[in-house]
> 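Next up is a structure, given as structure tokens.
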Amino acid sequence: MKKCLKEIEEITEMQQWQKSTVYQIYPRSFQDSNDDGIGDIKGIISRLDYLHDLGIELIWITPMYVSPGNDNGYDIADYYQIDPIFGTMDNFEKLLKEAHKRDIKIIMDMVLNHTSNEHSWFKEAIKSKDNPYHDYYLFKDPVDGHEPNNWVSKFSGSAWEYVPSLNQYYLHLYDVTMPDLNWRNPELRQKIFEMLTFWANKGIDGFRLDVINNISKTKNMPDDTFETPTDDGRNFYTNGPHVHEYIHEMYRKVFGPNNFVTVGELSSTPISEAVKYTDPKREELSMAFTFHHVKVDYTNGKKWTLGHYKLTDLKSIISDWQIKMHKNNGWNALFWNNHDQPRAISRFLDDNKYRDESAKLLALVEFGLQGTPYIYQGEEIAMKNSYFTDIKQYKDHESINAYNDLLKKGTDKKTAIKILQQKSRENSRIPMQWDLSENYGFTKGMPWIKSFQKDNYSVKSVRSHSNNIFSFYQNLIKLRKTNKTLMEGSYKLLDPEDNSVYSYIRQKDDKRIMVIANFTEKEQKRTILNDCKLILGNYGNIRKTSNIVKLRPYEALMLEQ
Ligand code: GLC
Ligand code: CA
């Protein structure tokens, strides 16, 4: 009995990754050390003290394996090597050592849904149908001389590419240069486990698993019905028939024995499924990235449109996830930004007149929620969209394909650019702004992607002011490590119909925390908890009479009762 109780105690005790904040690095755009215009591992090492100072305990780095770079590293040609543009394996080992010295853990990005077409497996696979590697990928014969089904690639056009020498098509849910792997093949799975073990043995601390919920396709891969705007084949591979089995197998072989922190990228996933991936009892993943809240400005479910969002929708989505994940033992990864999203500050708030207030509001609303918070590089200094004005400034295949599609469908160029300025992920891929020198201290060379706007926000300039955004994040990160109400408390949304102000309560035992945030530039009067004290606010103080608060433009408060 005693032992049993102790075990339960151990299980319910919070893990370090549940109290920590994760910082996402897009290495290409983070810090260049040799002035070739591309960020690299030595650059990351040189900024570890900066991240430590911020309070970061986990870093997720997007892929740095050998790759032709058609999707900036998500198209892997060799899982075992660091791409020379980022440095060497020695550099990587040094990064691990230096990070660990500072009590920072490293989570590597791992892409297991597809490889690059330059991977040796694929080069073999297309040699002949009886090549042993042919079955590592998803090939199908033509049907009536056409594609095997009507699935659409997430990067536009058909998801199938014809290989004349085989008279077969291969599936690519993403770029045409990124063929999907066949997870039904046990030999392939074995090769993947070996490779994951190789990285575990290097001493890394976990994986972010790219589009991991797409790895299991429905047998025979049937046509989609196109009954709803999102029907494009995803019904037959999102959270497919064997996905939980496969992930559990990785857990048993790699994640569990190595005590890994894992986060799955789970697009188009309902809460019931996200719970399955992250309930510790099931032994799959630590936490879930889901995307419903960042699709709130899609018009009729379509991304490439000029969209507007309603705060009530955003609140309702976030609240649903907060409540149901918590209740069912799931765990949320909390984020506003990443390398696939335009900057939230440009999208949901004001990146101009109230830029500081807006950045801090986003931080406060995120860090008040239940889950593990993530910061994407530059978020801590309020970086905003790149707002490119010409299609020639874009490198990203997804964005360029979408632009061409829009023109084909009759959209004029000006509107198409406007849509990209709002929705393209390239908005958040411009170099990190370290100082206000040319190229913002990112490189002395020619950056692989240029920022064409004059912006006076940089790490140096922001941090030269008191009460700056960076120090606001520092405070929040500290708070998360120790405040039990934030870590474990329940969540309740207040005033769901309020389209100007987002407020919620977190509660643990008799302690309550209220977060209240004005998403407009108008002053708003609202009721707050009785006898509460201010923990943190983006104006530094609070204007209230008894329990009525007068919220200034984009004001956000965290209050404790
Ligand atoms: C994920 C990555 C994205 C990439 C895609 C294909 O969504 O975050 O950047 O393009 O997977 O690998
Ligand atoms: Ca470099």
Side-chain angles (χ1 to χ4, degrees), residues 24-47 60-65 67-77 79 82-88 91 107-117 119 153-156 159 171-181 207-215 234 237-238 263-269 288-291 294-295 303 333 335 337-342 374 376 395-402 424-429 431-432 439 441-449:
Q24 183 195 348
I25 293 180
Y26 198 64
R28 202 171 281 265
S29 301
F30 190 58
Q31 177 69 72
D32 181 15
S33 74
N34 61 350
D35 297 328
D36 65 351
I38 302 170
D40 46 51
I41 297 175
K42 281 189 180 166
I44 300 175
I45 296 175
S46 73
R47 295 297 182 180
W60 150 33
I61 310 173
T62 64
M64 298 195 290
Y65 318 93
S67 160
N70 289 323
D71 194 21
N72 289 357
Y74 283 95
D75 45 331
I76 299 176
Y79 286 104
I82 296 290
D83 196 294
I85 63 167
F86 295 118
T88 62
N91 297 157
I107 297 177
M108 291 279 276
D109 213 316
M110 187 44 80
V111 190
L112 303 176
N113 178 68
H114 45 264
T115 67
S116 159
N117 59 352
H119 194 289
S153 154
K154 292 178 194 284
F155 287 6
S156 305
L171 179 71
H172 62 92
L173 295 183
Y174 297 87
D175 195 57
V176 59
T177 61
M178 291 148 71
D180 279 52
L181 287 165
F207 287 122
R208 177 261 188 189
L209 295 142
D210 189 65
V211 297
I212 195 66
N213 61 327
N214 293 342
I215 58 175
R234 76 181 69 182
Y237 57 76
T238 310
V263 51
E265 188 196 18
L266 309 172
S267 194
S268 306
T269 294
F289 278 128
T290 60
F291 298 88
V294 286
K295 294 184 180 175
K303 174 168 175 173
F335 73 98
N337 293 293
N338 64 35
H339 64 293
D340 291 327
Q341 300 292 330
Y374 283 66
Y376 174 60
K395 312 263 180 208
D396 171 36
H397 289 205
E398 188 205 26
S399 306
I400 296 165
N401 293 350
S424 166
R425 57 188 188 171
E426 206 84 296
N427 278 303
S428 63
R429 293 181 173 186
M432 177 72 182
N439 299 317
F442 163 70
T443 184
K444 292 199 181 73
M446 181 63 180
W448 73 274
I449 190 164

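Predicted, not measured: the structure shown is a model, and the values here were computed from it. When a ligand or atom number is given, it counts from 1 through the structure's own listing order.
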> Might you work through the salt bridge (charged side-chain N to carboxylate O under 4.0 Å, His left out) test for K444 and D36, ending with a clear yes or no?
CA-CA 8 Å; K444 292 199 181 73; D36 65 351; over 6 Å; no
> Hey, which protein N/O/S atoms does the Ca ion (ligand 2) have under 3.0 Å?
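Per the 3.0 Å query on the Ca ion (ligand 2), atoms found are D32 OD1, N34 OD1, D36 OD1, I38 O, D40 OD2.
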> Taking C-beta and beyond as the side chain, do I215 and L181 meet within less than 4.5 Å on heavy atoms?
no
> Taking the six-membered ring for Trp, are H339 and Y376 parallel (under 30°), tilted (30 to 60°) or perpendicular (over 60°)?
tilted
> For a quick check: using heavy atoms under 4.0 Å, what are the residues in contact with ligand 1, sorted by chain and number?
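D71, Y74, H114, F155, Y174, M178, R208, D210, V211, E265, H339, D340, R425, R429.
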> Flag the pair F155 / H172 as yes when at least one side-chain heavy-atom distance between them is below 4.5 Å, and no otherwise.
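Sidechains of H172 and F155: no contact.
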> Under 3.5 Å, is there a donor-acceptor pair linking the side chains of T177 and N70?
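Result is yes, a qualifying pair exists.
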> In the structure I gave you, are the side-chain heavy atoms of D109 and D210 within less than 4.5 Å of one another anywhere?
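SC-SC contact between D109 and D210 confirmed.
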> When you compare the side chains of N91 and T88, does any donor N or O come within less than 3.5 Å of an acceptor on the partner?
yes
> Between the main-chain N or O of P179 and the side-chain N or O of N117, is there a donor-acceptor pair closer than 3.5 Å?
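No: the side chain of N117 does not pair with the backbone of P179.
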> Take Y174 and N214 through the test side-chain hydrogen bond (donor to acceptor under 3.5 Å, both in side chains) and record every step on the way to the result.
CA-CA 11 Å; Y174 297 87; N214 293 342; 3.1 Å; yes
